[in-house]
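Quick notes on the structure that follows.
Model, not experiment: these values are computed from the prediction.
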Amino acid sequence: MFVEVSQDIRFPYDVPDIAECESYLLEEMKFYLVIYHPYQVLIDVSEQIKLPKASLQAAWSIINDSYQTDVALVCPPHVIAVAAMFLSRVVDQGGQSDVEAQQWFADMNVDITDVLQVVNELLALYDVWNVYSEDRMTDLVYHMCHGEFPKIKAIFLAQFHPDLGPIVRVSVPKDAVEHGENRGYISNMCARGDDDSRIAEGSVITIGNNSSNFGYYSGCEQPAEVIELIKRPTNPKAAATSSSKIDFNAIQTLVIPKLTQFERLITVYTGKFKLMCYPVAVEGDYARNALIFNMCFAFDKGADTKCYEPVVKRVGCLLKELEISSRLLSDHDGEQQLTSMMRQLVSKLNDYGECQIELDLKSLSMSSTGISIRLFPHYANPKEIKPYHVPVRTIDFEMAKQRSSLIVDHADIPDDVMWDLVVDRVLEHMDNINHVRRIASLTKISEETVILALRHLDYYGCIAIVDIFQFGNIYEAQYGVMDLYRNAWLQRECHSYVTRNGQTSDMQTEELIRLYSTIQKRRTVAEWILEHEIDIERLDVRRFIVFGVIHKLLRRVHCFPVICGPDTRVSEGEQISVGDDAGASMSETASMSNANGFLPPRLAEMLDGTHNMDELCVVADKDATTLRQMFDARGNIECLYL
């Protein structure tokens with residue numbers, strides 16, 4: 001029921017009263033953060049300089065857009081207002097002349113560096129909006145809740161027909177697979193298995209390390225853990241031709257592989273697609289004593305399909321069990337159930353990341369069967385950390401300790417007691433310079449235990465792992481330097497990290513980008529400093545390099561020493577006796593060897609091209625310059641830079 005309200009009845013409270021009540025309400029809800037809006041500053045300044053109405057409206061809209069970023073939390077309101085007016089000059093071409101605007105910006109008492117930071121943040125926001133699409137909103141919300149799962153482009157059931165050879169029995173969508181005449185068919189299956197010459201042109205097959213106990217030939221060795229077969233195309237133009245369909249004739253020998261590769265995960269790259277499959281053979285009363293089939297999942301070629309590996313294997317095993325129990329695949333009455341199951345797999349896994357499928361097998365003299373499948377995000381194992389790696393802090397551990405004590409809610413317990421004792425001891429000596437072995441030595445904790453603690457911190461993003469910094473290191477710039485130009489947050493982080501005492505006013509973004517781009521593969525850090533006359537009073541070179549390595553702006557070029565000939569200082573028949581004492585340490589042996597011109601046996605064994613200079617420095621407890629002098633004294637040692 002609707003009641004018409006008389007127009008004479010007025011609300012007894014005005015806007016200031018409501019605003020005051022809102023303040024009381026926010027205070028009761030424990031909101032203590034107060035943000036001052038830039039609108040009033042914009043109005044005051046526009047009146048002083050007589051800003052045209054169009055420019056004022058454009059600046060007002062830009063301030064509205066700024067609330068989609070965090071500039072209101074990190075910058076004063078007058079800086080945001082000036083940045084909006086600066087951008088409004090780009091939007092509004094009329095009104096105030098360029099000369100007047102330039103004079104006003106030159107006379108204002110505002111740090112132009114802070115203004116440009118806000119401008120870069122807003123420009124980065126507009127770059128995101130340029131590629132924004134409303135159609136992708138559902139996918140973005142789903143990925144925020146469930147993670148990033150690749151979409152299934154197609155799914156098809158391949159089967160080895162006793163007369164026709166490999167065929168596609170069912171596919172979803174129906175026209176997803178292009179299959180015609182089986183021009184490569186050989187009737188004898190064993191002969192097929194040994195014919196590698198019929199591998200499809202341009203196709204790549206990778207076989208996982210899942211074991212299989214079916215169909216091994218007598219006297220045949222077990223297959224390798226990972227097998228990659230590549231046949232280069234004889235016609236590059238034909239190989240470059242992209243198709244929206246999967247060419248089954250090109251991959252039939254890979255989808256129905258050798259007998260030794262059954263019940264193993266197989267990944268095939270063909271055209272624009274990446275196929276994952278799990279070939280299965282069921283022995284029994286069949287035309288060739290076995291039913292061979294393979295349910296194949298197709299994805300985009302660059303998709304990360306780690307999360308689908310258990311799903312593909314599970315579907316293959318389920319079909320095998322259903323064939324054994326109900327003859328689902330060999331009976332023609334089961335084709336309708338197969339098609340329904342495959343359609344539900346594609347639609348529900350793509351939309352929801354999980355599916356519950358009920359199969360009605362009454363026509364096959366069985367009750368209904370349920371299939372439950374769900375996708376789970378794949379998380380990589382923690383990185384391997386070596387004794388010569390250097391851990392770098394990426395979070396404030398003191399703040400993390402305080403938060404952990406608040407969560408446990410035991411105010412009478414010190415912060416350091418709430419943390420793991422090993423992690424707490426390691427953090428005391430983690431100064432972004434010490435490597436792992438030195439940290440283990442300073443904390444008097446075993447190296448293996450320190451590595452386990454660091455791997456735990458690295459897995460959760462609390463630290464980053466870099467190489468030992470020395471002025472003799474060589475780096476080269478990467479394409480990621482362009483991200484520093486586009487990303488305002490990255491610029492701000494770089495400014496505050498690499499400059500001395502965080503003084504950013506005298507170090508512009510353009511200068512940082514120029515310095516990163518001048519780092520070349522053939523120059524050491526020391527040579528780079530001298531060549532470009534780097535002012536080390538303004539720039540912390542070590543932090544500059546470490547920041548570039550962590551954010552993929554730079555890549556370390558490692559040096560791998562290799563012994564290429566006999567010792568030039570050893571005459572024919574002379575024996576090396578230095579370093580044979582088993583009781584001598586590596587550092588003592590290295591000192592003796594450096595004095596006599598010989599290398600310790602253990603260090604000499606590592607000069608095979610597989611150990612970089614950082615590892616050799618840690619093992620010998622020497623800096624790179626000393627090791628190079630030892631190598632030069634011995635002679636016939638070359639360095640590979642990779």
Side-chain angles (χ1 to χ4, degrees), residues 19 22-23 26 31-49 51-52 54-92 96 101-102 104-132 137 140 144 394-396 399 480-499 501-513 547 550-551 553:
E22 286 181 350
S23 300
L26 292 174
F31 283 91
Y32 296 108
L33 179 64
V34 178
I35 301 296
Y36 293 95
H37 300 288
Y39 298 110
Q40 189 60 44
V41 179
L42 177 64
I43 294 175
D44 296 340
V45 174
S46 63
E47 292 177 353
Q48 294 178 9
I49 66 173
L51 190 69
S55 298
L56 176 62
Q57 183 61 46
W60 193 284
S61 301
I62 292 172
I63 292 178
N64 292 340
D65 297 338
S66 70
Y67 288 101
Q68 302 295 328
T69 68
D70 60 350
V71 295
L73 302 175
V74 297
C75 297
H78 69 278
V79 175
I80 301 176
V82 173
M85 296 173 61
F86 183 84
L87 284 176
S88 69
R89 295 296 306 158
V90 180
V91 177
D92 178 36
Q96 192 179 22
Q102 292 175 5
W104 183 84
F105 281 113
D107 295 340
M108 68 178 180
N109 189 20
V110 179
D111 190 350
I112 192 63
T113 303
D114 297 337
V115 175
L116 292 179
Q117 288 183 1
V118 177
V119 171
N120 288 333
E121 286 279 4
L122 294 173
L123 292 178
L125 173 66
Y126 293 140
D127 288 340
V128 174
W129 285 0
N130 286 336
V131 296
Y132 174 79
M137 197 61 192
L140 293 175
M144 290 175 60
T394 58
I395 67 169
D396 187 348
M399 182 64 69
V481 174
M482 297 303 299
D483 294 336
L484 184 62
Y485 180 78
R486 294 188 290 258
N487 193 328
W489 173 87
L490 193 62
Q491 295 173 13
R492 189 164 58 248
E493 290 294 317
C494 184
H495 273 117
S496 61
Y497 187 78
V498 307
T499 54
N501 301 322
Q503 300 297 323
T504 63
S505 58
D506 58 345
M507 184 68 68
Q508 301 297 328
T509 302
E510 292 77 6
E511 186 174 359
L512 290 175
I513 297 175
F547 185 89
I550 292 176
H551 293 279
L553 309 180

ask   = I550: what forms a side chain to side chain contact (heavy atoms under 4.5 Å, CB included) with it, not counting sequence neighbours?
value =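 Checked I550 against side chain to side chain contact (heavy atoms under 4.5 Å, CB included); matches are V392, A464, V466, V546.
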Shortest non-hydrogen contact from [X] to [Y]?
| X | Y | value |
| --- | --- | --- |
| L553 | G480 | CD2-O, 3.0 Å |
| V118 | A83 | CG1-CB, 3.6 Å |
| C75 | I80 | O-CD1, 4.0 Å |
| C494 | L484 | CB-CD1, 4.1 Å |
| R486 | Q491 | N-NE2, 4.3 Å |
| A59 | S88 | N-CB, 3.8 Å |

Value rounded to 0.5 Å, distance of [atom1] in [X] from [atom2] in [Y]:
| X | Y | atom1 | atom2 | result |
| --- | --- | --- | --- | --- |
| I43 | W60 | CD1 | CH2 | 4.0 Å |
| L42 | E47 | CG | CD | 10.0 Å |
| I62 | S55 | CD1 | OG | 9.5 Å |
| L73 | I35 | CG | CD1 | 5.0 Å |

Residue pairs fulfilling side-chain hydrogen bond (donor to acceptor under 3.5 Å, both in side chains) with at least one residue in residues 65-82, sequence neighbours excluded =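 Only H37-Y67, D65-Y126 qualify under side-chain hydrogen bond (donor to acceptor under 3.5 Å, both in side chains).
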task = Look at the rings of H551 and W489 and say which category their plane angle falls in: under 30° parallel, 30 to 60° tilted, over 60° perpendicular.
result =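 Rings of H551 and W489: perpendicular, as their planes differ by over 60°.
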V79 and V71, any side-chain heavy atoms less than 4.5 Å apart =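 A side-chain contact is absent here, since even the closest heavy-atom pair is not under 4.5 Å.
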